[in-house]
Q: 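Okay, here's the structure, questions in a sec.
First listed ligand is number 1; within each ligand, the first listed atom is number 1.
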Amino acid sequence: MQVPVRRLAFAGAMLCLVAWPAIAQAPSAGAPSSEAPSSGAPSPGAAPRIDAQAAPSSITEPARAQTAIGRRGMVVTQEKRATRIGVEILERGGNAVDAAVAVGFALAVTLPRAGNLGGGGFMMVHLADRNESVAIDYRETAPRGIAADSFLDADGKADPEKSRNGPLAIGVPGTVAGLTLALERHGSGKFTLAELLAPAIALAREGIPVEDDLLDSLLLAQPRLARWPSAAKIFLKQDGTPLGAGDTLVQQDLAHTLDAIARDGARAFYTGPIADEIVAAAVNSGGVLRRSDIEDYMPVVREPVRGTFRGYDVLSMPPASSGGVHLVEMLNILEGFPLRSLRANSPASLHLMIEAMKLAYADRAEYLGDSDFVDVPIELLTSKDYAAELREGIDSRQAREVGSTLPDPPAGGGGNTTHFSIVDAAGNAVANTYSLNFNYGLGLVAGTTGILLNNTLDDFAAAPGAANAFGLTGGALNAPAPGKRPLSSMTPTIVLKDGKVHLVTGAPGGSRIITTVLQVVLNAVEYGKSIGEAVTLPRVHHQWRPDEVTVEKAMPAEIVRALTARGHNVRFGPAAGSAHSILAIPDGYMGAADQRARGSLAAGY
Ligand code: DON
């Protein structure tokens, strides 16, 4: 596909090119900090520690990371029980994929707002013995009954009620197919699916205390869950208030469903009574999902998007996610700048990063969609030449005006998806991000299955230029169509050094996922931060439209002032996604559980 040379829709762009020596004179070129664990670091298996990580001054709302060291491997997830299940599988000789499958099913029980059977996602796998990486795309697909105009109102305008809050929003779930495919292809062979499901089944049946993120998210999602009696029955009390501190969440129906999957594999989900109940839930509420849509669902094994950055290999997710393409595009642009000497989170380095974000998100809106349906110029967008051309247009002192704002700021917060990272003793790695889109998805539980259904079809461009819930726009390439996957931002990523796993990362956060992952990668690889600090440092985000930089509240005021002085429209926003990550260290791995949402745990073995 021929892609025009630069054609950005920026209005009033002022190209004032500044030679790089000007940047080199920017404030204080201090040496990047390196926090390799010292003799005081915890021993493998020791209780995890909470680090108030070194961070810029005048923090008002410090993010934290809980870190742990593993000599052989590491599991980092949003929920402590799921992490422990993953570590146990590794200790019993399982590989990273075995552990990922056990964790993926466990989170469907212990983190029901995002962990799921009724949604979809993406898994990056690195196989050490073959030095090979694969990308498993188990994104939801649109049912056959979805058409280009499905999410429009009578006036032909995008209707968010339809794409976010009604049954038309339900995509065909991909998670069960994706996790079982990963196990069949890349599991160690030492565990049956039933063995990996057993801990999740026990937790569903016996129940878990309502605490941490479960407690927080149930409070927020109460109105969504109250709309559906099948969901209210599980997550709310008789008086309609959500289960709270001191209560136990028991999910008997979900335990039955998991039992059936343990017995019959993915078939149980896609062809049996479970599929019938999912269809009935959709049809009875006015949806178009049919049995044949579910039966025909296929996860896809794809070639990862590949990039390099300062001699590291970056492997990330191709379409139907936009994550890998734009992560590599931004890294390519930024590789040409002396970021390291500018220091992490200095006004000068943040400015360059923000400018790269604008360019990448403009391309996202124009060129990205499901590559099984439309041509996506992946090679071009991820090429060094293209990045060099874009870099030429960046002014190191002045923000480029985008010239357009959306009437509504993005609605999405930072937590409705979940990412986990795993490395095993053989050097295999899994980066997995999956989602129901919103907290608890649509909020609808399918009949007596215990399965919460997604509202992921909102990630399509409902109309050309219409924004999804995260403020992302698109056009024909991401238009709804039968069987098509809506464009995602999920960015599970593995960074290799000399063929060995160096960094495993990813994040929730809707549109902010890609920029969160960018900042974790830069913090760890470019600035040499410890993984705890890499995930803790306050983050910024720009997505081209609206023309504003969202910064976390912990960003020091003097930095915000300096960005404003460069012409950025700065807005304080909510915390940006929990980026649970792993970094190789001498003699093992350090994991960092991002505490932006409560309850996460990094644990090594
Ligand atoms: O696939 C996507 O990009 C979105 N459906 C992800 C949603 C999300 O991360 C919400 N969490 N904050």
Q: Do you know the tightest heavy-atom contact between Leu472 and Gln543?
A: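 Looking at all heavy atoms of both residues, the closest pair is N-NE2, 3.9 Å.
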Q: Taking only non-hydrogen atoms of Thr456, do any sit less than 4.0 angstrom from ligand 1?
A: no
Q: Please report whether ligand 1 has a polar contact with Arg139, defined as an N or O pair separated by less than 3.5 Å (distance criterion only).
A: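 There is such a contact, yes.
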Q: Would you call the rings of Tyr361 and His326 parallel, tilted or perpendicular, taking 30° and 60° as the class edges?
A: parallel
Q: Would you indicate whether Arg185, at its atom CZ, is surrounded by more than 12 heavy atoms from other residues, nucleotides or ligands within a distance under 6.0 Å?
A: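 No, not enclosed.
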Q: What part of Asp459, side chain, backbone, both or neither, has a heavy atom within less than 4.0 angstrom of ligand 1?
A: side chain
Q: Can you name the atoms of ligand 1, numbered from 1 with element, that are less than 4.0 Å from a heavy atom of Ile513?
A: 9 (O)
Q: Going by the order shown, which atoms of ligand 1 are within less than 4.0 Å of some heavy atom of Phe470?
A: 7 (C), 8 (C), 10 (C)
Q: Going by distance alone, is a donor N or O of one side chain under 3.5 Å from an acceptor N or O of the other, for Ser217 and Asn439?
A: no
Q: I'd like to know if the side chain of Thr83 pairs up with that of Thr77 as donor and acceptor (distance under 3.5 Å, no hydrogens or angles considered).
A: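 Thr77 and Thr83 do have a side-chain donor-acceptor pair below 3.5 Å.
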Q: Counting each atom of ligand 1 from 1 as listed, which ones have a heavy atom of Ser488 under 4.0 Å away?
A: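 In order of number, 1 (O), 2 (C), 3 (O).
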Q: Taking 4.0 angstrom as the limit and counting only heavy atoms of Gly510, give me the atoms of ligand 1 inside it, by number and element.
A: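 Reading through ligand 1 atom by atom, the close ones are 7 (C), 8 (C), 9 (O), 10 (C), 11 (N), 12 (N).
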Q: Apply ring pair (Phe, Tyr, Trp, His ring centres under 6.0 Å) to Phe235 and Tyr440, showing your working.
A: CA-CA 10 Å; Phe235 298 105; Tyr440 300 86; 5.5 Å; yes
Q: Judging by distance only, is a nitrogen or oxygen of Gly509 under 3.5 angstrom from one on ligand 1?
A: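 Right, the criterion is met.
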Q: So for ligand 1, is Ser435 a polar contact partner (N or O within less than 3.5 Å, distance only)?
A: no
Q: So with a 6.0 Å cut-off around CD of Glu295, is the heavy-atom count from everything else above 12?
A: yes
Q: Quick check on contacts: which atoms of ligand 1 are under 4.0 angstrom from a heavy atom of Ser489?
A: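 Every atom of ligand 1 under 4.0 Å from some heavy atom of Ser489: 1 (O), 2 (C), 3 (O).
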